[in-house]
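Input: a single structure, listed below in structure tokens.
Treat the numbers as computed from the prediction; the structure is a model and nothing was measured.
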2 protein chains.
Amino acid sequence: MNIYDIAKEAGVSPATVSRVLNNHKNVKEETRNKIQEVIKGKNYSPNTIARNLSVGTSRNIAFMVPDIENPFFSKILHGISDRAMDNDYNVFMFGTAENTAREHKILDSLKIEMMKGLIIIPVSEADRETAERLKEFEEQGVPVVLIDRDVRNARFDAVFSEDMEGACEAVECLIEEGHKKIGIITGPDTSRPGHERLKGYKRALANNGISLNKDYIICGNFMEDESYEAMKQLLDLEDPPTAVFTSNNMTTLGALRCLKERQMKLGADISVVGFDDIKELAYTDIHLTAVTRPVYEMGCEAMRILERRFRKAEGVEEEKLIIQRNLVKTWLIKRGSEKHKDLSGGSDTYHT
Amino acid sequence: MNIYDIAKEAGVSPATVSRVLNNHKNVKEETRNKIQEVIKGKNYSPNTIARNLSVGTSRNIAFMVPDIENPFFSKILHGISDRAMDNDYNVFMFGTAENTAREHKILDSLKIEMMKGLIIIPVSEADRETAERLKEFEEQGVPVVLIDRDVRNARFDAVFSEDMEGACEAVECLIEEGHKKIGIITGPDTSRPGHERLKGYKRALANNGISLNKDYIICGNFMEDESYEAMKQLLDLEDPPTAVFTSNNMTTLGALRCLKERQMKLGADISVVGFDDIKELAYTDIHLTAVTRPVYEMGCEAMRILERRFRKAEGVEEEKLIIQRNLVKTWLIKRGSEKHKDLSGGSDTYHT
DNA sequence: GTGAAAGCGCTAACAC
DNA sequence: GTGTTAGCGCTTTCAC
């Protein structure tokens, strides 16, 4: 069943049917009603593909994410998805598995004309090929919005967080507890959250006159397993740190695994502050102090920026050239894991 | 740039270009090369929408899930997504938020023509409207595969798990520990996992000559908050249960929240066994004994079934009428939370 | 306010 | 082996 069947049935031309389908004005109320009646009666719904071909665009947006199972990303997707649904966009989900090759492959197979926009958390900011491909999308009129991670060699609209400030606050919280020997398990240096959080760590130390110890900086690549190894390495130092800042949720889990294995009590034998919260820990003995941010809203915001770009493309809005890069604020939630039994202040309050 | 440009440039007809694009045989090696050269040279890629319109189908599959952020569903998505990518399908993700109205809305807006297949974890099996819509999809040639939950009034291909058996094993494990007063926080009665797991609970009791106590059965609707309330209710009974079976991961979290609040020690003051594991707990003091199943594989399997249906539709395979309903096995991982200090066997081994 | 008709870019008979 | 051509279902000028 197509627009012609409806037209015939309603005794009008396909053009008119198309008009009511698209809510055009110039249609007599009477004919409009008649047509809508027929449409309902025949339970007709227009063919999106044909429509897309005709108008040369779609309402599909692609969301590319490094790890489908990471709750942080799920939450972003949730934000994107809710806002997309409200505005009748459909979102395709692609997992890159933290693998640039896979990222390229997906980007190549994404038919440009099928996508109206692209939201991506790129695997690596050092990757030129991804940057090239993204630029191509923009050139073809498909706007790109980054979330959380940046790319070099190009500027796109983006939603980031105050990684440096958040990390700095976290480490300063440890310093306030009296810690001087503070380690960090970093993310990859090729991602904004990776290097900015490290920068925040360094700044906190500098602000407080604590000199940097290279041994205390180990990369965990935001991966649980590597972070576990990193934690082992830190603890096995001759002069191990009394506190560790873990750079993201996976990093924190890896570190916790190590502590558990060694039967070290968090908030007593060792202190840990993490970036990004882990909801499930709330009902356990792990009272994690963590940097938090409005993750769901980051997704919504990315979608909002995209829509703005669509409107600009249609000439509805001006200032086509301004690139929008939003920074969301972070805040620290203290729960006790920043404490240490050997340092002033004690940790009793948290271990009742 | 389109197929005509390429044709002109290569000095052939658009049909021939189309032939090489689609790997048809009847093309002279020489012309094929020539055309491929031009394609590469002009960096041309065919328009998927036009192709879809022409052949009357797409490679898009829709995945509808009740809760985008539940890790259980993320894992399923991961399975679907990986397999889809390997076979060049694209997956649209839709979150129904456990809301039938939203589910209907999405189903209605999913233009039938745009989807080649549908994988869904329906909100409620009692919902006729969803069932009707799904049937319509199948009638229009869009196969539907259910995961985890069923719908009444219709039969679709599906991937379920052995909910009853899994729950039964979990509860029998508690019974083996000496428990006689065992509570359950159930899921909604309108979902297969909900009622089947309850059935498993009942069967375990019956198998072991333990009579049913209605007070011990409380519905948590698979929601964390409701489950928290349910746990409170159980503990406030005059003769509270010594052990509780929690029917899914969210249910377990709600119960844990309550225990934490009341400072009850899991595996000592009370025993809990849950359906579905919670990864994050591994590094905490919560040694949850849980029913486990191959979640990622359930996603892959759903996708595999869908592809099979596509092949059948194309007449590649026979036996068009057989409905395929797969049941994945579950197994129990014991970690100590089934123990209780007041019962034989002791729990010391788990509290070193 | 409405209709006729020319596309959108590709595929698939059918003819040669 | 290759070309011609008529769609796929919709939108959108341009007339009327």
Side-chain angles (χ1 to χ4, degrees), chain A residues 1-36 38-39 42-60 88 111-116 140-142 314, chain B residues 1-39 42-60 88 109-116 140-142 314-315:
Chain A
M1 185 168 33
N2 61 28
I3 225 180
Y4 286 86
D5 299 325
I6 303 298
K8 199 179 301 169
E9 184 83 9
V12 297
S13 80
T16 308
V17 177
S18 173
R19 284 189 190 101
V20 340
L21 249 22
N22 294 285
N23 285 316
H24 283 244
K25 44 247 55 257
N26 297 336
V27 181
K28 216 197 304 175
E29 200 49 31
E30 197 184 316
T31 31
R32 182 184 300 276
N33 292 144
K34 171 68 185 162
I35 291 172
Q36 266 157 352
V38 175
I39 288 177
K42 302 204 130 197
N43 191 21
Y44 160 81
S45 83
N47 181 315
T48 320
I49 298 187
R51 171 166 214 291
N52 288 347
L53 177 60
S54 188
V55 299
T57 177
S58 78
R59 294 189 74 84
N60 301 338
D88 275 327
K111 326 308 174 313
I112 284 183
E113 65 291 334
M114 280 213 46
M115 295 300 151
K116 188 167 177 80
Q140 311 260 357
V142 180
E314 288 163 4
Chain B
M1 185 170 30
N2 60 28
I3 228 183
Y4 287 88
D5 300 325
I6 303 298
K8 201 180 297 169
E9 184 84 10
V12 296
S13 81
T16 307
V17 177
S18 173
R19 285 188 188 101
V20 341
L21 248 23
N22 295 286
N23 285 316
H24 284 246
K25 43 246 58 246
N26 298 335
V27 182
K28 216 197 304 176
E29 199 50 31
E30 197 183 315
T31 29
R32 182 185 300 276
N33 293 145
K34 172 67 186 161
I35 291 171
Q36 268 157 352
E37 208 169 280
V38 175
I39 288 176
K42 303 205 128 194
N43 191 23
Y44 160 82
S45 84
N47 182 316
T48 321
I49 297 189
R51 170 165 215 289
N52 287 347
L53 178 59
S54 188
V55 299
T57 179
S58 77
R59 294 190 75 83
N60 301 338
D88 275 326
S109 72
L110 270 190
K111 314 309 174 317
I112 288 182
E113 300 79 359
M114 283 214 42
M115 295 299 154
K116 187 167 176 80
Q140 312 258 356
V142 180
E314 287 162 6

Using heavy-atom distances to pick each residue's nearest nucleotide on DNA chain C, tell me which of A:Ser13 and B:Pro14 is more 5'.
A:Ser13
Do the side-chain N or O atoms of B:Asn22 get closer than 4.0 angstrom to the phosphate oxygens (OP1, OP2) of C:dT11?
yes
Nearest listed nucleotide, side chain of A:Asn2, among C:dA4, D:dC10, D:dG1
D:dC10
Side-chain N,O (B:Asn47) to OP1/OP2 (C:dG9) below 4.0 Å:
no
If you apply the rule side-chain contact (heavy atoms from CB on, under 4.5 Å), what do you find for B:Met114 with A:Asn60, and how did you get there?
CA-CA 11 Å; B:Met114 283 214 42; A:Asn60 301 338; 4.2 Å; yes
First locate atom CD of B:Glu9, then atom NZ of B:Lys42, and finally report the distance between them rounded to the nearest 0.5 Å.
4.5 Å
Test your reading of the model: is there a side-chain donor-acceptor pair from A:Asn2 to the backbone of A:Asp5, 3.5 Å cut-off?
yes
Bend across the helix from C:dG1-D:dC16 to C:dC16-D:dG1, to 10°, with axes taken over 5 pairs at each end?
40°
Taking only the side-chain heavy atoms of A:Ile3 (C-beta and beyond), determine which of D:dT11, C:dA13, D:dT12 contains the nearest atom.
D:dT11
side-chain hydrogen bond (donor to acceptor under 3.5 Å, both in side chains): pairs with one or both residues in residues 45-57 of chain B, sequence neighbours excluded
A:Glu113-B:Thr48, B:Asn22-B:Arg51
Selected nucleotide, minimal atom distance to A:Ala50 side chain, candidates D:dG9, C:dT2, D:dG3
D:dG9
Under 4.0 angstrom, heavy atoms only, what part of the nucleic acid is B:Val12 near: base, sugar-phosphate, or nothing?
sugar-phosphate
Phosphate oxygens OP1/OP2 of C:dG1: is one of them under 4.0 Å from a side-chain N or O of A:Thr16?
no
Picking from D:dC10, D:dT12, C:dT11, which would you name as closest to the side chain of B:Ser18?
C:dT11
B:Tyr4 has a side chain; which of C:dG9, D:dT11, C:dC10 sits nearest to it?
C:dC10
Rounded to whole angstroms, how far apart are CG on A:Asn33 and C1' on C:dT2?
16 Å
Distance test, side-chain N/O of B:Arg51 to OP1/OP2 of C:dT11, below 4.0 Å
yes
Is any side-chain N or O of A:Thr31 closer than 4.0 Å to OP1 or OP2 of C:dT2?
yes
From the set D:dG9, C:dC14, D:dT12, return the single nucleotide nearest to any side-chain atom of B:Leu53.
D:dG9
Between C:dC14, C:dA5, C:dG1, which nucleotide has the shortest distance from any of its atoms to the side chain of A:Lys28?
C:dG1
So, does B:Ser54 get its side chain near the phosphate of C:dT11, meaning an N or O under 4.0 Å from OP1 or OP2?
no
